[in-house]
Each structure stands twice: as structure tokens, then as C-alpha cells.
Asks: 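Provided herewith is a single structure, encoded as C-alpha cells, for subsequent inquiry.
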Amino acid sequence: MNNGYNNDWDQFRNNNNKPSLYQIWMIQGEATTSHFLYKILKTNFHYSNSTTINMIREISDTGYTMCGTYTKDIAETKVHEVMKKASSDKQFIKLIIQKGVEHVVRKS
């Protein structure tokens, strides 16, 4: 007896596209402290000390850095959490979510 389960599973397995990925870009404000950036990169994005320091240098040099690549829900949650901390710490920071990118692994 064919209840359609196997056909549904095969269709799901064959058509199951990977979710879209989104990059989070951090843009430093003029008054954003390095201490705040360090705290955000360590606690919200879970980078090592050396990677965090390199990312802070990148922000200082260019004004921005890529914080990570995530699914939409995770990216939006991370941005919300960072903006909430920025507001409570009276820091200006801008985060941009960019859609449609391939997975990128940051090397330490």
C-alpha cells in the first residue's frame, strides 16, 4: 500500500533547498568605543580574542567588518540583540543584513 509518504519524502529530499544565507556587516559610528566592539564581537558573535582584535582593527581601518553569515532568523535576532545592547550602553553602531551570499568562513 502506498500512502504517499515515500513519494513525499523523496520529493522533499530532492527539492530541499538550503536556506538563504545573510551576512551581517558592522559599521562603526564615530563615538563607538573599541571596548564595546570587543564585547559585542565576543559575546554575540563568539569570536576568539585574536579574531576579535583583528576585526576591531579592520573596523578602525575601513569603518566596517563582516560579523558572520547566518540564516535570516538568526541574523535578525543577532542584530536585534546588538542594537538593544548598543542602546543600553549609549553606543552608536549600525548593522546591515545583506541577503543572498554564500557561506563564508572567517579565518582566525
Side-chain angles (χ1 to χ4, degrees):
M1 181 171 128
N2 185 355
N3 61 8
Y5 174 77
N6 288 336
N7 291 337
D8 290 344
W9 174 248
D10 289 339
Q11 183 178 4
F12 171 78
R13 200 173 50 187
N14 293 333
N15 293 329
N16 187 17
N17 296 327
K18 294 180 183 178
S20 296
L21 295 176
Y22 298 76
Q23 285 181 338
I24 299 176
W25 291 88
M26 179 182 288
I27 308 203
Q28 183 179 18
E30 290 180 23
T32 308
T33 65
S34 293
H35 176 73
F36 178 75
L37 296 175
Y38 184 87
K39 182 171 73 170
I40 292 299
L41 291 168
K42 287 288 289 176
T43 60
N44 290 81
F45 296 100
H46 309 287
Y47 284 110
S48 67
N49 287 331
S50 61
T51 301
T52 299
I53 290 167
N54 288 334
M55 291 174 76
I56 291 171
R57 285 185 187 135
E58 184 177 11
I59 291 173
S60 295
D61 292 344
T62 65
Y64 60 89
T65 191
M66 197 269 296
C67 297
T69 304
Y70 307 95
T71 60
K72 184 178 182 179
D73 290 345
I74 293 172
E76 288 175 344
T77 299
K78 286 189 176 287
V79 167
H80 176 74
E81 290 171 351
V82 170
M83 297 312 290
K84 192 173 174 181
K85 284 184 184 178
S87 178
S88 69
D89 289 4
K90 296 184 180 14
Q91 296 285 322
F92 174 79
I93 196 164
K94 185 174 184 178
L95 296 173
I96 297 172
I97 299 175
Q98 180 183 7
K99 181 183 176 186
V101 294
E102 295 298 320
H103 184 72
V104 176
V105 177
R106 180 179 291 279
K107 295 183 181 187
S108 298

Asks: Test side chain to side chain contact (heavy atoms under 4.5 Å, CB included) on I93 and F36; report intermediate values, then the result.
Replies: CA-CA 10 Å; I93 196 164; F36 178 75; 4.2 Å; yes

Asks: Atom NZ in K94, atom CE in M83: separation rounded to 0.5 Å?
Replies: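 One finds 9.5 Å between NZ of K94 and CE of M83.
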
Asks: Run the side chain to side chain contact (heavy atoms under 4.5 Å, CB included) test against S87 and tell me which residues pass, sequence neighbours left out.
Replies: none

Asks: Applying side chain to side chain donor-acceptor pair (under 3.5 Å), can you list everything that pairs with K72, at least two apart in sequence or on another chain?
Replies: none

Asks: Minimum heavy-atom separation for M26 and C67, please, with both atom names.
Replies: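 Closest pair (atom of M26, atom of C67, distance): CB-SG, 3.5 Å.
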
Asks: Listed by chain and number, what are the ring-ring contact (aromatic ring centres under 6.0 Å, His included) partners of Y64, not counting sequence neighbours?
Replies: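 W25.
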
Asks: First locate atom NZ of K78, then atom CZ of F45, and finally report the distance between them rounded to the nearest 0.5 Å.
Replies: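 It is 6.0 Å, given to the nearest 0.5 Å.
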
Asks: For T43, enumerate each residue passing the side chain to side chain donor-acceptor pair (under 3.5 Å) test, keeping only those at least two apart in sequence or located in another chain.
Replies: K85

Asks: Applying side chain to side chain donor-acceptor pair (under 3.5 Å), can you list everything that pairs with N49, at least two apart in sequence or on another chain?
Replies: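 Residues passing side chain to side chain donor-acceptor pair (under 3.5 Å) with N49: Y38, K42.
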
Asks: Ignoring hydrogens and geometry beyond distance, is a side-chain donor-acceptor pair present between T32 and Q91 at under 3.5 Å?
Replies: no

Asks: Using 0.5 Å steps for rounding, measure from the NZ atom of K39 to the OG atom of S34.
Replies: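 Atom-to-atom, K39:NZ and S34:OG are 13.5 Å apart.
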
Asks: Give me each pair satisfying salt bridge (charged side-chain N to carboxylate O under 4.0 Å, His left out) with a member in residues 44-54, each pair once, sequence neighbours excluded.
Replies: none

Asks: Look only at the side chain of Y22 and the backbone of I74, and say whether a donor-acceptor pair between them is shorter than 3.5 Å.
Replies: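 Checking the backbone N and O of I74 against the side chain of Y22, no donor-acceptor pair under 3.5 Å is found.
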
Asks: Closest heavy-atom contact between I96 and I27?
Replies: CD1-CD1, 3.4 Å

Asks: What distance separates I59 CD1 from R57 CZ, expressed to the nearest 0.5 Å?
Replies: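 So the gap between those two atoms works out to 12.5 Å.
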
Asks: I need the T52 OG1 to I40 CD1 distance, nearest 0.5 Å.
Replies: 11.0 Å

Asks: Under 4.5 Å between side-chain heavy atoms, hopping through other hydrophobics if needed: is there a path connecting F92 to I24?
Replies: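 Cluster IDs for F92 and I24 differ.
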
Asks: Hey, could you give me the CD1/OG1 distance between I56 and T65, rounded to the nearest 0.5 Å?
Replies: 10.0 Å

Asks: Could you go through S48 and T51, starting from their C-alpha distance and side-chain angles, then the distance that decides it, and tell me whether this counts as side chain to side chain contact (heavy atoms under 4.5 Å, CB included)?
Replies: CA-CA 5 Å; S48 67; T51 301; 3.0 Å; yes

